[in-house]
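For ligands, and for the atoms within them, numbers begin at 1 and follow the listed sequence. Along the sequence shown, residues carry numbers from 1.
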Amino acid sequence: MVLGLATGRTMIPLYQRLIGIIRDQKLSLKRCRTFNLDEYVGLNPTDPSSYHYYMQEHFFRHVDLAPENSHFLDGCALDLDAEAKRYEELITSVGGIDLQLLGIGHSGHIGFNEPLSSLGSRTRPKFLSPQTRHQNRVDFGETTDDVPEQSLTMGVATILDAQEIILLATGSAKAEILAKAMEGPITSMITASALQTHANCKVIIDEDCAHSLTMRNYIEFVLERDPNWASYFLK
Ligand code: F6R
């Protein structure tokens, strides 16, 4: 399986859970490949604020994934466009991503596809929005200025090429943007809204994150009647 992976605070409990399941059920990731969504420009893998480091810390060092099968964008590449092209070609060469995990940022981004990103974008360098730098400042120090200005990120169209997508969002701070992404118009101002066009995308949220959904009653009605979801649907 080829997995597309996300980082961020939302994903930490998911990786913890996954590590537990892999251990308990004696599963192996030896035949898995992974591609991370994004990386900060200028950070190398040993930098504790890099996404490479995050993945080692929160997931990879706990499982048997072969190091040569986990792929990252190189934030220290001298030619960022060439690095983005290499990544796109590598994803294509392994047959594309089977399952892509996503979080959603306060700016409505998926990956680092900030507002005004083309919904047809491919992997490329992308400057971070002030909102995202503010959101992620805790990973760098005190102020927004400590956060790198630029990232390398899979594009919206790269993400939409995945066979299956799961977006995870938790907490009331994400409720409003999540509702806009799910129920609002498809717009480059909220790149997560492009997921509405994907044929196999599931959105998993907790109670606090559900507050702003206007279609909540209907969603609950449907999920309770869906045998694939009923057992996971916690009241
Ligand atoms: C991280 C990523 C971002 C995060 C999003 C949510 O690899 O691509 O889109 O998923 O910013 O971050 P948290 O979970 O920290 O709120």
Residues E83 and R86 bridged, charged N to O under 4.0 Å: yes

N/O donor-acceptor pair under 3.5 Å between D47 side chain and N44 backbone: no

Which residue and heavy atom of the protein sit nearest atom 10 (O) of ligand 1, plus the separation: G103 CA, 3.4 Å

H109, any N or O under 3.5 Å of ligand 1 N or O: yes

Per-residue contact class, Q135 against ligand 1 - non-hydrogen pairs under 4.0 Å: side chain

Location of contacts on T7 toward ligand 1, heavy atoms closer than 4.0 Å: both

Residue pair E57 / I12, side-chain heavy-atom distance below 4.5 Å: no

Considering all heavy atoms, the nearest Y87-N36 contact: OH-O, 2.7 Å

Interfacing atoms of ligand 1 (cut-off 4.0 Å, heavy-atom, L37): 8 (O)

Test item: side-chain donor near acceptor, R124 and S117, under 3.5 Å: yes

Closest to atom 3 (C) of ligand 1 among G105, A173, G111 (heavy-atom distance): G111

Atoms of ligand 1, numbered as shown, that sit under 4.0 Å from any heavy atom of G8: 14 (O), 15 (O)

Under the side-chain contact (heavy atoms from CB on, under 4.5 Å) test, residues paired with L119 that sit two or more places apart: V156, I186, S188, T191, A194

Residues R122, D161; criterion salt bridge (charged side-chain N to carboxylate O under 4.0 Å, His left out); working and verdict: CA-CA 10 Å; R122 312 298 312 185; D161 279 348; 2.8 Å; yes

Side chain, backbone, both or neither: the part of D38 lying under 4.0 Å from ligand 1 by heavy atom: side chain

Mode of N36 contact toward ligand 1 - side chain, backbone, both, neither (heavy atoms, under 4.0 Å): neither

Within 6.0 Å of CZ in R61, more than 12 heavy atoms from elsewhere: yes

Geometric class of the Y54/H58 ring pair [parallel <30°, tilted 30-60°, perpendicular >60°]: tilted

Min N/O separation T10 to ligand 1 under 3.5 Å: yes

Protein contact of atom 16 (O) of ligand 1 - nearest heavy atom, named by residue and atom, plus distance: K174 NZ, 2.7 Å

Under 3.5 Å: N/O of A6 near N/O of ligand 1: no

Protein residue, atom and distance nearest to atom 6 (C) of ligand 1, heavy-atom basis: I104 O, 3.3 Å

Residue part near ligand 1, for M11, under 4.0 Å between non-hydrogen atoms: neither

Protein heavy atom at shortest distance from atom 15 (O) of ligand 1: R9 N, 2.8 Å

Y51 and Y40 aromatic ring geometry - parallel, tilted or perpendicular at 30°/60° bounds: tilted

